[in-house]
Amino acid sequence: MSNEYSNQSYQLIAHRGLPQDYPENTLIGYQHAFALPIDMLEIDIHYTKDKQLVVIHDDTIDRTSNGKGKVKDYTLEELKKLDFGSYHQGHFEGEQIPTFDEVLDLHSRSSKKLLIEIKKPSQYPGIEKMIVDQLKEKQVPTHKVILQSFDFDSVSKLAHMNVPYELGVLISKKKYWYKSPDFKAIAKIANYINPNYSIVNKHFMEKAHAEHLKVMPYTVNDSKEARKLIDLNIDGIITDIPDRL
């Protein structure tokens, strides 16, 4: 953001890369995100029919590729033949779906943290262990990774595996517009509570910080909104436009 906030200790997180300028969750988007003065890159993980971890937001390929159907019904080889760039205006034809491996290789050349979201883990039995095994195999430093999910049970599973990474629970507007999250229960398993920005208020921040939970709201693409949140003392901001905020 502007320099008036440079003394604030909040983290700037690039959501799915730089989706305004590049196809989301692609290596080209990540390369450009890593070149910016951000603190973290947020990515989303699923697995294929042949149990390969891939980075894509939806559990279907319809929105961001020239194919149709569920990620888990395709092999990696089949997915790699599809075009994940053309849907975005610009010249990105032929951009492929990245494997988690490829993203970790790119990340290894950067000092930024990875904020890894496990999407719909109930569709992917064993995905938590697969992700952790791959992080260990690639020897990713533990301080460079945060694992998060909307699925409390999935985060709980990671906590009970005693993983060496920080963990986060994502909080949706739909589920928590009228009721408050169980901050105490979340604090038992996680370090972060990352809510839809519209449910963040003074009360939310006080409850979270009282349980030593850090708060990184998503997806903040408006500078007025960002300013309000920073004044509430958030710990990070997840945005599609880290370069413009």
Side-chain angles (χ1 to χ4, degrees), residues 13 15-17 19 23-27 29-30 41-84 87 95-104 107 114-138 140 145-163 165-176 181-182 185-186 189-190 192-196 216 218-219 238:
I13 302 119
H15 184 238
R16 308 184 202 169
E24 64 175 60
N25 279 323
T26 56
L27 292 175
Y30 294 164
L41 170 70
E42 188 268 352
I43 70 171
D44 308 283
I45 301 207
H46 298 261
Y47 68 54
T48 61
K49 191 175 183 176
D50 51 344
K51 299 280 199 297
Q52 302 296 308
L53 295 169
V54 287
V55 181
I56 177 173
H57 180 270
D58 303 354
D59 62 341
T60 60
I61 59 173
D62 305 39
R63 183 175 62 86
T64 55
S65 85
N66 59 346
K68 275 193 175 11
K70 292 242 184 216
V71 175
K72 66 184 174 69
D73 294 335
Y74 284 84
T75 65
L76 179 60
E77 194 184 352
E78 287 164 345
L79 286 174
K80 280 289 191 186
K81 290 182 179 140
L82 297 172
D83 181 335
F84 282 80
Y87 80 92
E95 256 322 290
Q96 293 180 322
I97 191 170
T99 63
F100 187 37
D101 230 22
E102 288 168 334
V103 174
L104 291 180
H107 173 242
L114 268 189
L115 179 58
I116 300 167
E117 182 181 345
I118 308 172
K119 302 295 286 192
K120 304 201 176 177
S122 55
Q123 285 189 30
Y124 307 104
I127 192 169
E128 295 85 0
K129 186 177 183 305
M130 285 168 68
I131 291 170
V132 170
D133 286 350
Q134 208 149 340
L135 287 167
K136 286 181 174 166
E137 197 181 304
K138 286 279 183 188
V140 181
V145 173
I146 301 168
L147 297 169
Q148 65 172 0
S149 184
F150 282 101
D151 189 315
F152 184 90
D153 294 340
S154 181
V155 180
S156 191
K157 201 176 283 179
L158 287 161
H160 289 108
M161 283 162 65
N162 288 320
V163 295
Y165 315 107
E166 288 190 304
L167 302 175
V169 174
L170 283 153
I171 298 291
S172 70
K173 178 165 120 179
K174 200 164 139 195
K175 198 168 165 187
Y176 293 102
D182 189 339
I186 290 171
I189 61 164
Y192 292 85
I193 182 167
N194 296 338
N196 181 296
M216 302 195 297
Y218 67 89
T219 304
I238 299 171

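The chain is numbered in sequence order, starting from 1. Model, not experiment: these values are computed from the prediction.
- For the pair I45 and I131, the minimum side-chain heavy-atom distance is below 4.5 Å.
- The heavy-atom pair separating M161 from K129 by the smallest distance is CE-CA, 3.8 Å.
- Going from atom CG of L135 over to atom OH of Y165 covers 4.5 Å, rounded to the nearest 0.5 Å.
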Under 3.5 Å, which donor-acceptor pairs link side chains of residues 145-152 to any protein atom two or more places apart or in another chain?
unit_1	atom_1	unit_2	atom_2	d
Q148	OE1	N194	ND2	2.8
S149	OG	I118	O	2.9
S149	OG	D151	N	3.0
D151	OD1	D153	N	3.0
D151	OD1	S154	N	3.0

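- The side chain to side chain donor-acceptor pair (under 3.5 Å) test applied to E77 returns no partner, not counting sequence neighbours.
- Put simply, OG1 on T99 and CG on L27 are 7.5 Å apart, with the number rounded to the nearest 0.5 Å.
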List the steps, then state whether side-chain contact (heavy atoms from CB on, under 4.5 Å) holds for V169 with I189. CA-CA 9 Å; V169 174; I189 61 164; 4.2 Å; yes

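- Inter-residue side-chain proximity for S172 and N196 is flagged as unmet; no heavy-atom pair is nearer than 4.5 Å.
- Note: L76 CG to K51 NZ = 13.5 Å, rounded to the nearest 0.5 Å.
- To the nearest 0.5 angstrom, E166 atom CD is 4.0 Å from Y192 atom OH.
- For the side-chain contact (heavy atoms from CB on, under 4.5 Å) with F84, the qualifying choice from P23, S65, P98 is S65, the only one to do so.
- Using a cut-off of 4.0 Å between Lys/Arg side-chain N and Asp/Glu carboxylate O, K80 and E102 are scored as salt-bridged.
- In this structure a side-chain-to-backbone donor-acceptor pair under 3.5 Å is missing from H107 to V103.
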side-chain contact (heavy atoms from CB on, under 4.5 Å) evaluation trace for I56 with D44: CA-CA 6 Å; I56 177 173; D44 308 283; over 6 Å; no

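- A side-chain donor-acceptor contact under 3.5 Å links E78 to the backbone of T75.
- In this structure, V155 and L170 have side chains that are not in contact, with every pair of non-hydrogen atoms separated by 4.5 Å or more.
- The 12-atom threshold is not exceeded at NZ of K49, counting heavy atoms of other residues, nucleotides or ligands nearer than 6.0 Å.
- Once rounded to the nearest 0.5 Å, the distance linking CD of Q96 with OG1 of T26 reads 11.0 Å.
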Determine whether Y74 and I61 satisfy the following criterion, side-chain contact (heavy atoms from CB on, under 4.5 Å), listing intermediate values before the conclusion. CA-CA 10 Å; Y74 284 84; I61 59 173; 3.6 Å; yes

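- Between K138 and D101, at least one side-chain N (NZ, or NE/NH1/NH2) sits under 4.0 Å from a carboxylate O, which counts as a salt bridge.
- Summarising the geometry of L104 relative to V140, their closest heavy-atom pair is CD2-CG2, 4.1 Å, with the distance given to 0.1 Å.
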Determine, stepwise, if the pair V54 / F100 fulfils side-chain contact (heavy atoms from CB on, under 4.5 Å). CA-CA 5 Å; V54 287; F100 187 37; over 6 Å; no

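- For the residue pair T60/D58, the side-chain donor-acceptor check at 3.5 Å is not satisfied.
- At most 12 non-hydrogen atoms from other residues, nucleotides or ligands lie less than 6.0 angstrom from NZ of K175.
- With rounding to the nearest 0.5 angstrom, the CD1 atom of I43 is 7.5 Å from the CG atom of N25.
- Residue pairs meeting the ring-ring contact (aromatic ring centres under 6.0 Å, His included) criterion with at least one partner in residues 45-65, sequence neighbours excluded, are H46-Y124, Y47-Y124.
- Between D59 and Q123, the shortest heavy-atom contact is OD2-NE2, 2.8 Å.
- The backbone N or O of L82 lies less than 3.5 Å from no partner atom in the side chain of N66, so there is not a single donor-acceptor pair.
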